[in-house]
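Order of the sequence lines sets the chain letters (A, B, ...), proteins ahead of strands, with each chain counted from 1.
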Amino acid sequence: MHTGDWPSTAEEALAVQEALRGRVELTDDLPELPPTVTGLDVAYDEDDGIAAAVVTLETAGLTVVEERTHRAKAVFPYEPGLFAFRELPPLLAALSDLEREPDVLVCDGHGLAHPRRFGLACHLGVLTGRPAFGVGKTRFVGTHEPLGPARGASVPLVDAGEEVGAVLRTRDGVKPVYVSAGHRIGLAHACRLTLALTPRYRLPETTRRADRLSRAALR
DNA sequence: GCGACAG
DNA sequence: ATCTTGTCGC
């Protein structure tokens with residue numbers, strides 16, 4: 001659980017981002033292939049009901065090690081750029097129920113590829129202290145050159161002259177994903193991990209598992 | 001002023 | 001995010 005107070009307005013949320021953005025660590029102590037990878041996702045119903053799910057997989061083999069869910073009511077509206085304030089509460093609750101400390105968090109959304117360089121992956125990383133990165137399904141900020149058609153192809157995602165992430169093709173001829181560092185992990189490393197998590201589908205196995213679990217938990 | 005806009 | 005049928009392709 002968190003401290004007790006949570007932003008209720010966009011102004012407060014922006015102030016929190018401003019206060020925490022400096023705590024992002026652009027370091028990388030993570031082993032090339034950490035023992036486990038933890039995916040997170042949130043599902044919604046038509047009445048502000050939300051279900052968060054976290055799934056920890058063994059990196060080699062992608063088998064489930066542990067999974068947890070948490071149901072709640074949304075406490076913040078969806079707003080581009082402030083997305084974390086909506087999903088973080090239930091995600092943190094589910095994470096705190098894990099028995100094994102996550103080695104790295106794979107988020108369904110962006111990290112540094114955010115208007116203020118503090119997307120969900122950065123926020124989650126800073127609050128938990130764990131390494132974290134984001135894998136977004138669609139672009140939020142930045143532009144990029146055309147991308148090759150084969151799995152593994154990638155080009156820098158640039159916003160305001162800064163390299164904020166990478167556009168990465170995880171499957172041949174399939175729409176790419178947007179990878180960005182969140183906390184305590186480098187972009188190249190995050191891309192390599194993303195490829196290790198996509199042996200068959202476009203999205204990381206962590207995200208797919210968490211997505212299924214969160215939907216199931218909603219009922 | 002006109003779009004764009006993570007999930 | 002979620003609402004939803006058929007359809008094209010491997």
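Taking atom CZ of Arg86(A) as the reference point, atom P of dT2(C) lies 11 Å away to the nearest angstrom. If you measure from atom OH of Tyr44(A) to atom P of dG7(B), you get 11 Å, rounded to the nearest angstrom. As a whole-Å value, the separation of Asp47(A) CG from dA1(C) P is 19 Å. Atoms CZ (Arg171(A)) and C1' (dG9(C)) sit 16 Å apart, rounded to a whole Å. Rounded to an integer number of Å, the gap from Glu46(A) CD to dT2(C) P is 10 Å. Taking atom NZ of Lys137(A) as the reference point, atom C1' of dG7(B) lies 7 Å away to the nearest angstrom. Between Glu87(A) atom CD and dG7(B) atom P the separation is 9 Å, expressed in whole Å. The interatomic distance linking Leu157(A) (CG) with dA6(B) (C1') rounds to 12 Å, in whole Å.
Using cut-offs of 30° and 60° for the angle between ring planes, the Phe85(A) and His123(A) rings count as perpendicular.
For Arg130(A) and Thr38(A), the side-chain atoms include no donor-acceptor pair closer than 3.5 Å. A side-chain donor from one of Thr63(A) and Glu58(A) sits under 3.5 Å from a side-chain acceptor of the other. Side chains of Glu87(A) and Tyr78(A): a donor-acceptor N/O pair is absent below 3.5 angstrom, by distance only.
Contact annotation: Thr138(A) side-chain N/O to dG7(B) OP1/OP2 distance is under 4.0 Å. Under 4.0 angstrom from either OP1 or OP2 of dT2(C) there lies at least one side-chain N or O belonging to Arg215(A).
Listed nucleotides: dC5(B), dA6(B), dG7(B). Nearest to the side chain of Arg139(A): dC5(B). Of the candidates dG7(B), dT2(C), dC5(B), dC5(B) carries the atom nearest the Phe140(A) side chain, counting heavy atoms from C-beta on.
Among the protein residues, Leu120(A) comes within range of the nucleic acid bases, having at least one heavy atom under 4.0 Å from a base atom.
A distance cut-off of 5.5 Å between ring centres, combined with a plane angle under 30°, leaves Tyr178(A) outside any stacking arrangement with the base of dA6(B).
For an aromatic pair to be called close, the ring centres must be under 6.0 Å apart, and Phe83(A) with His114(A) fails this.
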